[in-house]
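Side-chain atoms are counted along with the backbone in the values below, which use heavy atoms only and exclude waters and symmetry mates.
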Amino acid sequence: MSNSGDGEDEIEVDDPEDLHYDIDLSGDVTPVIGGDPPDWFTGADAQILFVMYTGLVLSPSIIAENTKVTRQTVSKRLDTLRAAGFVEKLDRGKYQITRDGAFVVSGDPDIYDESTDPDPNNSEE
């Protein structure tokens with residue numbers, strides 16, 4: 001921002017003609033997995049983690065509502081993802097993504113580094 005001298009700040013705005021949006025409103029979203037998923041990782045797993053990447057606590061029914069995966073498949077895959085450490089079961093029927101799961105979705109090494117801390121309760125005094 002620059003000051004124009006009259007007390008108001010000028011804001012530089014992109015020309016809308018220069019902006020190009022490729023928006024797909026069909027509802028068919030293919031998750032982008034940024035990490036290095038294991039060999040057993042399926043498309044259903046990608047969709048589940050993609051929805052769970054919001055950080056919300058979700059049930060298999062809610063996950064199924066937001067993916068193209070049946071509720072039964074979601075439940076089975078959540079067991080597999082939980083065994084791998086990608087999701088955690090918080091309560092009966094309630095799941096949340098872990099940092100390792102978030103790394104698979106985002107490929108963000110900062111998320112992964114935090115998840116590999118041997119003592120997550122370690123705090124500096």
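Using modelled atom types, no side-chain atom of Ser59 and backbone atom of Lys94 make a donor-acceptor pair closer than 3.5 Å.
When each of Ile48, Leu49, Val69, Val87 is tested with Ile63 by the rule side-chain contact (heavy atoms from CB on, under 4.5 Å), just one qualifies, namely Ile48.
Taking all atoms of both residues into account, the shortest heavy-atom contact from Arg77 to Ala44 is CG-CB, 4.2 Å. Considering all non-hydrogen atoms of both residues, Gln47 and Lys68 come closest at OE1-N, 3.0 Å. For Ile97 against Phe86, the heavy-atom pair with the smallest separation is CG1-O, 3.5 Å.
Note: the hydrophobic cluster containing Leu90 does not contain Tyr95 (ILVMFWY, side chain heavy atoms under 4.5 Å, direct or indirect links). Met52 and Val57 are assigned to two separate hydrophobic clusters, defined by single-linkage of ILVMFWY side chains at heavy-atom distances under 4.5 Å.
For the pair Thr67 and Phe50, the minimum side-chain heavy-atom distance is 4.5 Å or more. In this structure, the side chains of Phe103 and Thr98 stay at 4.5 Å or more apart for every pair of heavy atoms. Looking at heavy atoms from C-beta onward, Ile62 lies in side-chain contact with Asn66 at the 4.5 angstrom threshold.
Between Leu78 atom CG and Lys76 atom NZ the span is 12.5 Å, to the nearest 0.5 Å. Note that NZ of Lys89 is 13.5 Å distant from CG of Leu81, once rounded to the nearest 0.5 Å.
When the side-chain hydrogen bond (donor to acceptor under 3.5 Å, both in side chains) test is applied to Ser75, the partners found at least two apart in sequence or on another chain are Arg71.
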